[in-house]
Amino acid sequence: MGNYNSLREAFVARKAEHNVIEKSPVTLPLLIMLAGLGLMFVVIYAGILLFIAGTVMLLKAPKYRYTPTQKAVVYKRKFCSVTDKEYIQDCLQNGALKRSYEFHTDQSNALLLETYKEKSNNFLAVQLLQFVPYEYQPVTEPLFFHGEEAQRLIKALTL
């Protein structure tokens, strides 16, 4: 398994074993940068703006794809009440629970559920964190789910 300090660290380190690839577009940002350089000699401001836009696109965070479906994997955070902790831990340890559950809506943000979720719900990487003064501390290890198990958890946790 390995000891990871965060879900992001575990996700990046173990993405290959969970059929996730990193796709960062390079062609379009480079073309925009080159067009910007070319325009700098004709229309200075337009050229500078295009060059900056291309640079920002190039340096932007990487995109991830789940290889079996070729769909994007997106990072999301969900804040929850501390009263939901037991339910969330049960879901993550025992799979989705059969009963319906309504999350509490207080504004405490005591719990943080970090996720990497594939758009058609076939992949889920998740970690539960709890706010301990000044920072969020892990409550669970980073967990990875695929297929129907991921779909049931996404539905149970309303992600």
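A 4.5 Å side-chain heavy-atom check between Leu143 and Phe145 finds at least one atom pair inside the cut-off. Using a 4.5 Å heavy-atom threshold, the side chains of Val73 and Phe123 count as touching. Residues Gln130 and Lys85 form a side-chain contact, since some pair of their non-hydrogen atoms from C-beta on lies under 4.5 Å apart. In this structure, the side chains of Leu113 and Ile88 come closer than 4.5 Å at one or more pairs of heavy atoms. Considering only heavy atoms from C-beta on, Tyr87 stays 4.5 Å or farther from Asp90 through its side chain.
Under the 4.5 Å side-chain heavy-atom criterion for Ile, Leu, Val, Met, Phe, Trp and Tyr, Leu7 and Val74 are members of distinct hydrophobic clusters.
Of all heavy-atom pairs between Ser81 and Leu111, the closest is O-CD1, 3.3 Å. Contact detail for Pro138 and Gln127: the closest heavy-atom pair is CB-NE2, 3.4 Å.
In this structure, Arg152 CZ and Ile154 CD1 are separated by 11.5 Å, a value rounded to the nearest 0.5 Å. One distance of note links NZ of Lys71 with OH of Tyr66; it measures 12.5 Å at 0.5 Å rounding. Between the CD atom in Gln137 and the CZ atom in Phe131 there is a gap of 10.0 Å [rounded to 0.5 Å]. Note that CG of Asn122 and CD of Glu148 are 9.5 Å apart. Values are rounded to the nearest 0.5 Å.
A donor-acceptor pair under 3.5 Å is absent between the side-chain atoms of Thr115 and the main chain of Val126, judged by distance alone. Checked by atom type and distance alone, the side chain of Thr140 pairs as donor or acceptor with a backbone atom of Leu128 at under 3.5 Å. Distance alone, capped at 3.5 Å, is enough to place a donor-acceptor pair between the Gln70 side chain and the Thr67 backbone. Using modelled atom types, no side-chain atom of Arg77 and backbone atom of Glu114 make a donor-acceptor pair closer than 3.5 Å.
Surrounding NZ of Lys78 are more than 12 heavy atoms belonging to other residues, nucleotides or ligands, all under 6.0 Å away.
Less than 6.0 angstrom separates the ring centroid of Phe11 from the ring centroid of Tyr64.
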Problem - salt bridge (Lys or Arg N to Asp or Glu O under 4.0 Å) between Arg14 and Glu17, intermediate numbers included - result: CA-CA 6 Å; Arg14 299 179 58 199; Glu17 71 185 78; 3.2 Å; yes
Practice task
Give the C-alpha distance, both sets of side-chain angles, the deciding distance and a yes or no for side-chain contact (heavy atoms from CB on, under 4.5 Å) between Glu118 and Leu124.
Solution key: CA-CA 7 Å; Glu118 186 250 355; Leu124 176 68; over 6 Å; no
